[in-house]
Structure formats: C-alpha cells, structure tokens
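Written out below as structure tokens is the structure these notes cover.
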Amino acid sequence: MDEKERNEKERIVELRQQLHQHNIHYYVENQPVISDQDFDYMMHELESLEKAHPEMYDPNSPTQRVGSDLMGGFQSVAHRYPMLSLANTYNQQEVADWYDSVKRGLEGEDFEVCCEMKYDGLSISLTYEDGRLVRAVTRGDGVRGDDVTANVRTIRSIPLVLTGSAYPASFEIRGEILMPWDVFNHLNAEREKAEEPLFANPRNAASGTLKSLSSALVASRQLDAYLYYIIGEELPSIGHYENLEKASQWGFKISKGMKKVHSLDEIYDFIDYWDTERKNLPVATDGIVLKVNSLRQQRALGFTAKSPRWAIAYKFKAERERTRLINVTFQVGRTGAVTPVANMEPVQLAGTTVKRATLNNEDFIRSFDLHIGDYVYVEKGGEIIPKIVGVDLDSRQADATRVEFIKCCPECGTPLVRYEGEAVHYCPNDDGCPPQIKGRIEHFISRRAMNIDSLGPETIDEYYRRGIIKNIADLYDIDVQQINGDGSREKSARKIVEGIAASREVPFERVVFALGIRLVGETSAKTLARHFKDIDRLQAATLDELTHIDGIGEIMAKSVISYFQNDENATIVRRLKDYGLRMSLSEEQLAGHTDRLKGLTIVISGVFQRHSRDEYKTLIEQHGGKNTGSISAKTSYLLAGDNMGPAKLQKAEKLGVKIINEQQFLEMIGLNA
Ligand code: IVH
C-alpha cells in the first residue's frame with residue numbers, strides 16, 4: 001500500500017468517526033457544533049474517498065443511511081428476548097394498586113421508580129454489536145418481528161456506530177419510532193391537497209412509512225426515535241435510569257423528562273405535570289410508564305405471561321363525549337372523491353364545539369353498523385379531526401335506519417365507482433360534475449397554485465353558473481365586457497382580468513401543481529417540473545420514467561399518465577400554453593438549483609443589503625429549503641437583517657433557533673462573492 005492510499009484510508013476512518021459524532025450533535029442533542037455546510041463538505045469528501053476505495057465498504061458508514069430497496073418484502077426474525085407489552089392503568093387508584101403490589105412483592109424493601117413518557121409510535125428493537133447497529137426488528141407478535149434494518153438506518157437520530165467505548169460488546173435497546181408532529185402535519189397537508197387519504201395519527205403514518213419498501217421514502221419522512229429499555233448480559237449499571245443515561249452518552253436519544261422518584265405522591269405529580277406539558281413535545285405520547293428502577297428488584301418481581309410486574313403504563317384520557325348522529329351527508333371533492341360526513345348534535349370537546357366528523361368511507365361506516373339517530377362517542381385524541389370511536393348500542397331506537405353509502409353522485413347523479421383496492425368512492429364524471437369542475441378551477445387560482453387573488457370561490461361559482469367558464473383554460477378568455485354584467489362593476493372586472501393575465505408569470509412548477517392532477521401535491525409537482533423541465537417532456541413521460549423518480553410512486557405515476565391521456569386535459573394544456581403560461585423551467589431556475597437547504601425551515605426578518613426579502617425567499621426555495629413567516633420550535637434558522645423586531649429575536653433566542661446574517665446565508669448556498 002503506498003502512502004497516498006494509506007492516508008486516504010486513514011482519512012476515511014477519521015471522517016466516519018467525526019461524522020457519526022456530528023450526527024449525534026445534530027439529530028440527538030439538537031446542538032450542531034459545525035455548520036451544515038461543513039457537514040456536507042465532510043460528507044462529500046467521504047463519499048468520494050469511499051468511491052475510490054470500494055474495498056472499505058461499510059454498511060454503517062454515515063454515507064450509507066439510504067441503502068438499496070427491499071425487493072421481496074421484510075424477513076421475519078425471532079426476537080432474542082420476547083417483546084412484551086405493559087399492563088395499562090387509567091386512573092390513580094390503579095397506579096396505587098400497582099405501587100402496593102410492588103411493595104408487597106419486594107417484601108417491604110425500599111425501591112425507586114423511574115417515571116418516563118409513554119411514546120405513541122411503533123416499538124423497535126435494535127441490536128448493537130461492538131458498538132455497531134446490526135439489526136432492527138419490529139415488535140411483530142412479540143416473538144417474531146420484521147427485519148426493518150435498512151429503513152431504520154435512515155433515521156438520523158439512531159446511531160449507526162456508538163460513541164465512546166464504555167458500551168457493552170453486545171446488547172439490545174428498545175424504543176419507539178415516531179413521526180414528529182410537524183412532519184406529520186406537513187405530510188397530511190400535502191396528502192390533503194393531493195386528495196390522498198390522510199393518516200389518522202402520527203403512529204399510523206410512522207408505521208406506514210417504516211413498512212415501505214423504499215428506504216429513500218423512509219429517509220424523506222424524517223422519522224425520529226426515543227429509546228427506553230436496554231437489555232443485555234453486561235449492562236453498565238444496576239439501575240434502569242442510570243443505564244439509559246449511559247445510553248444517552250453513547251449517542252441514543254432517550255426520554256428527556258425521565259425522573260427517578262421515591263413515592264406515590266411524586267408519581268402523581270409527574271403524571272399531572274406531563275398530562276398538560278406533553279402537548280408541547282415534538283412527538284405524540286399517550287401516557288406515562290412507571291418502572292421499578294433496580295434491575296435486581298425487577299428480576300425479583302419478574303413477569304406475568306404478558307407483561308413485567310415491575311412496570312406499568314398509565315394512559316392519559318383521550319377527551320371523549322357522547323352525542324347524537326343527526327344525519328350523514330356526502331361531499332364531492334375536486335377529484336370526485338366522495339366523503340361521508342356525520343352531522344351531530346353540537347358537543348363541547350377539548351375546548352371546541354364539535355358537530356361534524358368525517359366518516360372516511362363506506363368500510364368505516366360499516367364497521368360501526370351506524371344508524372341514523374345513534375348516540376355516538378366522539379374523541380379528540382392524537383388526531384386533529386374529531387372522530388367517531390364507538391356507538392352506544394343500548395340507546396339505539398328499534399326503528400332506526402341503517403346508514404347506507406349513496407350509489408349516485410349527490411351533485412350530478414352519475415353512478416359512483418370504487419376502484420379495486422381503494423376504499424374511496426369516486427364520481428367518475430370529471431368533466432360534468434359541478435363541484436369537480438369548480439373545485440379544479442378553485443384549486444387552479446389558489447394562492448399556492450396560480451395565485452389569482454382577484455378571484456374567489458363565489459366569483460367562480462357565479463361565472464360557472466353564467467356559463468362564462470367551464471374549465472381552467474376558459475379563465476384566460478374572459479374579457480372585461482363579459483363579466484361586467486350590468487356595467488356597474490367595471491373596476492373590479494378590470495382587476496380580475498389583470499389578475500388572470502398576471503398569472504402568466506407564475507413559475508412552471510406551480511403551473512404543474514395548478515393543473516390539479518389527482519394525487520400530485522405541491523412537492524410532487526415541483527419534483528416533476530424539475531425532473532422533466534418542460535410540459536412536453538412531462539406529457540410524454542412513460543410509467544417507467546415516472547416511477548424511477550424519487551418520491552413518485554406507481555399510483556401517482558399512473559394518475560399523471562391518465563391525466564395527459566384524457567383528450568379534454570390535453571386540449572386544456574395546449575390552450576394554456578397558447579395563452580402564454582410558463583410551461584418550462586426558467587433559465588435561472590435551470591441554473592441555480594441545489595439541495596443545500598433541504599429539510600431546513602428559515603424565517604426571514606429585517607432589512608437586507610444584498611438582496612430583497614423576496615429574493616431571499618426565492619433563494620431559500622431554489623436551494624430546497626422552506627420559508628415560513630413566524631418562528632417556532634420547527635424553525636432551523638432565522639435569517640436576520642437590520643432593524644429586526646426585538647420580539648422575534650427574543651423568541652429565536654428562547655427557542656434556541658440559530659440566527660444567521662445574510663453573509664452566512666449566502667455562504668450556505670455557495671453564493672458568497
Ligand atoms: S417499556 C418490558 N417504556 O408501550 C417493557 N414501553 O404497552 C418494555 N412504550 O410495547 C416496554 N413508551 O411500544 C416502555 N417509555 C416506555 C414506552 C414504552 C412507549 C410502548 C412500547 C410497548 C408498549 C406497551
């Protein structure tokens with residue numbers, strides 16, 4: 001081995017070690033010590049060195065987070081130690097009973113209890129050997145689970161290689177994989193726009209994500225993980241709490257609020273405190289877990305067939321009320337999806353009046369065998385939208401009629417269809433069903449699409465009724481005369497026509513989004529626009545081409561193809577092109593795009609020297625970042641100019657949001673001249 005080769009190999013080892021450490025600073029401790037730019041730089045250096053030395057391949061290298069996809073599904077593997085669940089309690093008396101049973105079991109010996117959050121995600125068991133992640137297995141039936149190692153590797157807060165050297169040679173650590181609230185809300189907002197079925201809660205979203213066969217998709221969903229139970233033959237300490245503290249030094253994210261207590265009163269205090277404080281946590285929790293701290297005492301207490309005697313879960317009460325179902329109505333969305341809605345007698349729930357709840361689809365209605373006039377239980381738990389969780393069968397009237405899903409569209413009378421494998425009913429009359437037509441036009445003019453704010457839903461409704469517009473392309477044919485009606489509205493008519501004309505400047509990716517292709521949300525529209533660069537290429541894309549794009553699944557790909565295959569749509573697109581809408585990426589767009597700000601949320605505040613605020617906004621987006629208006633815990637950076645309000649600054653400091661000036665920002669995107 002010559003000297004160059006030796007140096008390069010040493011450098012690979014060094015970079016890997018440093019990058020593992022920086023990952024922990026960033027994703028586990030939320031305290032990066034180097035800039036993202038330096039991090040990327042080191043990562044690139046490592047990538048190119050690894051390319052030059054394939055013999056140094058290591059599945060646990062920081063470059064290998066997103067690996068190859070699983071072709072044949074997951075392998076089922078046996079757990080070395082079964083994954084048991086916990087007994088649940090729902091009130092203080094049951095907690096006291098458990099506490100007494102522990103006291104009896106330990107024959108009066110003193111004991112400590114470790115109180116921690118009960119995370120509401122999906123449990124995972126990680127095996128580490130010689131400080132390296134070797135396997136990640138889901139709970140499954142507790143005896144066998146699925147090997148999801150490739151997907152779990154993409155979760156940045158799970159260390160691939162541990163830091164320090166004080167960890168046991170071999171151990172398992174268990175915890176919960178979660179989708180943070182902000183990621184969940186964003187994902188659902190995207191799905192809503194694309195009229196895809198929403199995830200009911202972050203747990204379902206996390207579970208759906210982890211079971212995906214594409215590790216790139218898993219990586220893009222930004223899952224997080226908290227670890228709460230370590231098992232092995234040679235653990236560093238004789239206490240559970242102490243072992244977890246050690247684990248945190250090896251690079252794991254553990255429950256932040258964890259506390260060791262000595263009495264029942266302290267347990268109650270902990271429960272009371274977190275019952276409200278948990279609402280400020282970035283991830284979903286559904287209770288508190290109490291564990292006898294001493295491992296010796298845990299062994300003495302042992303297990304029942306299902307759960308340990310040394311631990312118990314106290315579940316927070318989901319807020320639930322009982323109310324009466326008045327009737328069920330059906331709404332037709334922009335893509336023709338028909339959603340049943342329960343209209344109920346108003347009831348107060350978790351601070352708001354609830355009178356409507358979505359019933360999702362026919363299967364959901366059937367699962368409750370819902371009847372009109374039923375008393376139903378509505379709950380607002382982890383979910384944002386209230387949902388029906390049960391029916392009080394005892395109070396059902398003998399002559400109550402069963403809720404039936406409608407057969408025909410309530411708007412246009414067309415028989416509904418239900419595609420194979422989908423739970424949703426659709427009205428297939430795309431071109432003739434009024435809410436679909438109006439919905440598509442409303443979507444087209446909306447702020448994030450063509451942003452024609454001189455028009456609104458009422459005007460669209462009026463023009464549609466008057467026969468002025470039947471599709472999005474007709475908008476560009478409107479003239480002042482035509483909409484001026486009796487002649488008294490010239491000024492507003494002019495404004496409307498000007499607003500429509502100005503939308504010709506809207507960038508291509510937003511035009512793609514505005515078309516309203518089923519399942520294509522804002523992000524996917526951007527992906528498609530950037531990939532194909534102009535409408536002709538997008539229109540000509542094959543299924544194979546589409547499904548090879550990161551982030552575009554088969555169902556969406558099929559929807560894109562069927563959109564352009566429809567003659568009516570093809571005519572609309574051709575007309576829009578003729579009216580001068582942007583149908584390709586601009587020169588600057590082609591030149592200046594990077595992913596440098598991917599995953600970052602940046603707030604702009606103050607006055608700048610080198611670019612205007614709007615220019616900074618565009619730059620953030622061009623480099624893959626997100627610009628938002630107000631500072632929150634989710635903000636990655638505050639881009640601060642002169643004369644910034646003190647309140648914003650204070651908030652940023654309080655939340656630990658990094659503050660950067662324009663120089664630093666321009667450096668981040670490689671534009672510092
Ligand atoms: S300890 C042998 N600690 O709750 C006991 N579990 O209902 C091992 N969970 O399967 C579990 N937060 O998925 C433990 N701080 C916590 C937890 C926790 C959430 C989940 C876990 C478990 C389920 C039991």
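Every number for a ligand or one of its atoms is a count from 1 in the order of the listing. Along the sequence shown, the residues carry numbers beginning at 1.
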Residues, nucleotides or ligands: over 12 heavy atoms within 6.0 Å of Ile231 CD1: yes

Option set Glu176, Lys118, Lys291, criterion heavy-atom distance to atom 3 (N) of ligand 1, minimum: Lys291

Any side-chain heavy-atom pair of Val376 and Arg322 under 4.5 Å: no

Non-hydrogen atom of Met117 closer than 4.0 Å to ligand 1: yes

N or O pair under 3.5 Å between Asn88 and ligand 1: no

Which of the ligand 1 atoms, numbered from 1, are nearer than 4.0 Å to a heavy atom of Glu116: 3 (N), 15 (N), 16 (C)

Aromatic centroids of Tyr99 and Trp310 separated by under 6.0 Å: no

Part of Leu86 within contact of ligand 1 (heavy atoms, under 4.0 Å): both

Sub-3.5 Å N/O-N/O distance, Tyr229 and ligand 1: no

Salt bridge present between Arg324 and Asp392 (N-O < 4.0 angstrom): no

Nearest neighbour in protein (non-hydrogen) for atom 6 (N) of ligand 1: Tyr228 CE1, 3.2 Å

Contact with ligand 1 for Pro308, non-hydrogen, under 4.0 angstrom: yes

Numbered atoms of ligand 1 (with element) below 4.0 Å of Ser123, judged on heavy atoms: 10 (O), 13 (O)

Contact check: Ser85 vs ligand 1, nitrogen or oxygen atoms, below 3.5 angstrom: no

Pairwise side-chain contact, Arg144 with His79, heavy-atom cut-off 4.5 Å (strictly under): no

Plane angle bin for Tyr119 and Tyr228 - parallel if under 30°, tilted between 30 and 60°, otherwise perpendicular: parallel

Ion pair Lys259/Glu116, N-O distance below 4.0 Å: no

Criterion ring pair (Phe, Tyr, Trp, His ring centres under 6.0 Å) on Tyr167 and Phe171, from CA distance to verdict: CA-CA 9 Å; Tyr167 44 77; Phe171 67 95; 7.2 Å; no

Polar proximity ligand 1 side, Arg139 side, N/O cut 3.5 Å exclusive: yes

Protein heavy atom at shortest distance from atom 12 (N) of ligand 1: Tyr119 N, 3.0 Å

